[in-house]
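Atoms within a ligand are numbered from 1 in the order they appear, just like the ligands themselves.
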Amino acid sequence: MKMDSNNKFINVKGTRDILPEEAVMWRRMEEIIRKNMENYNYKELRLPTFEYTELFRKSTGEDTELVQKQMYTFQDKGGRSLTLKPEGTPPVARMYLQYGLKNKSPLQKFYYIERMFRQEKPQKGRYREFSSYGAEAIGSASAETDAELIKSALDIMDELGIKGIELNINSIGCPKCRVEFIKQLKKFLEPKLDSLCEDCKQRFSTNPLRIMDCKVDKDKLTDAPVPLDYICDDCEMHFSMLKKYLDYLNVHYVVNRKLVRGLDYYTKTVFEFVHSKLGAQDEVGGGGRYDGLIKFMGGEDTPASGYAVGMDRMLLLMPEAPKHKGIDVFVVTLDKESDIIGWKLLSLLREGGFSADKDSLGRSMKAQFREADRQDATWTIIIGEEERERGVVQLKKMETGEQKEVPSDIESIKEEIKC
Ligand SMILES: [Zn+2]
Ligand SMILES: [Zn+2]
């Protein structure tokens, strides 16, 4: 379907067109994210749109649904396999290693606001090209950092006016204690193996933890063992510290013992933000600790932690759009000669830092005033033959209808409208 019923082109399925009214909301969201992340001393990274496919295969994980089914992978003219980034953590980890960023300081904190691409079924708040913001703290093993990350996301959602977010947390242990858990999980799954979906049959030998995340087999896993019952002392301590830090911050959380994350690299802390308004797939964002990833990608053993939030989903939860901010001045002209003067004045207003516009369609005075209303102008400046001859303009405050005569030089006008 490239065309609509009138034979006009339409946008590609899963992409979204953002019109000016909605763009205001997006800008607001981006500003609040930036402000908060900078307050938390996270530095912005801007990521490339595509990476070598291998990066995601290796770090996100070969047997994840994301890599197996959802990536936009293509071959460029040089025969390289490239993938439009489906998530931010692998590119951030790559940049961290490629530029030796650990040499600058042992703890590096980054955030990004980026477009991501996943070929999944488009549904409410889920698109194939979507926007995420994320934060990554590379170098800290402390639960303090996990709590800080969680709090930064909650602060942002709070400032956006989003109410009713629920925070779920869990610990999925470390590679050491996971051995015993996987053993128990396999013992539980073995008798059910034939009834599991094809992917899970595969995962049973490659990565059984992944099965806990399967949407198809969810009901068969109700009584499955959970990682929390098998975590080692070290992981246990880390998890209780996390809870303590969240308590310090007065952050309300629910321990969801079934929570695992769909990607390979997570260890210890996992968390997600959910909202009942979003329906069955109620996740707004989430993340966790990924202590193994940097080493796995060829770096030194470096603990790390991070999260990502779907901005399209956040937008659904934001209260009513603030109205598009109107312009400062609309210039109304009453005849051809005045129109030229008005046009020059318009340029001076813009140079002077005011948002300003005028009619360029040769419309009547009445239509020009209607346009000034439509543009929600604070002031209109009216210039006609009489004003021209006397070297003045009429300045009208739209809200009150008050009108005043002002000398037509830009300084006098600026003096009047700046207050
Ligand atoms: Zn452990
Ligand atoms: Zn399955």
Enquirer: Taking atom types as modelled, find out whether Asp328 and Thr378 have a side-chain donor-acceptor pair closer than 3.5 angstrom.
Expert: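 Per modelled atom types, Asp328 and Thr378 side chains form no pair under 3.5 Å.
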Enquirer: Salt bridge or not for Glu300 and Lys102, using N-O below 4.0 Å?
Expert: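 Lys102 and Glu300: salt-bridged.
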Enquirer: Cation-pi between Lys396 and Trp379: NZ/CZ under 6.0 Å from ring centre and within 45° of the ring axis?
Expert: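 Relative to the ring axis of Trp379, which defines the angle, Lys396 lies outside at least one limit.
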Enquirer: Could you confirm whether Asp217 has any N/O/S atom lying under 2.8 Å from the Zn ion (ligand 2)?
Expert: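 Under 2.8 Å: Asp217 contacts the Zn ion (ligand 2) through an N, O or S atom.
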Enquirer: What angle sits at the Zn ion (ligand 2) between SG of Cys197 and SG of Cys214, to 10°?
Expert: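 With the Zn ion (ligand 2) as the vertex, the angle is close to 120°.
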Enquirer: Work out the angle at the Zn ion (ligand 1) between SG of Cys235 and SG of Cys177, rounded to 10°.
Expert: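 If I round to 10°, I get 110°.
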Enquirer: Which angle, to the nearest 10 degrees, do you find at the Zn ion (ligand 1) between SG in Cys174 and SG in Cys232?
Expert: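 The SG/SG angle about the Zn ion (ligand 1) sits at 120°.
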Enquirer: About how many Å separate CZ of Phe56 and CG of Leu84, when rounded to the nearest 0.5 Å?
Expert: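 The distance works out to 9.0 Å.
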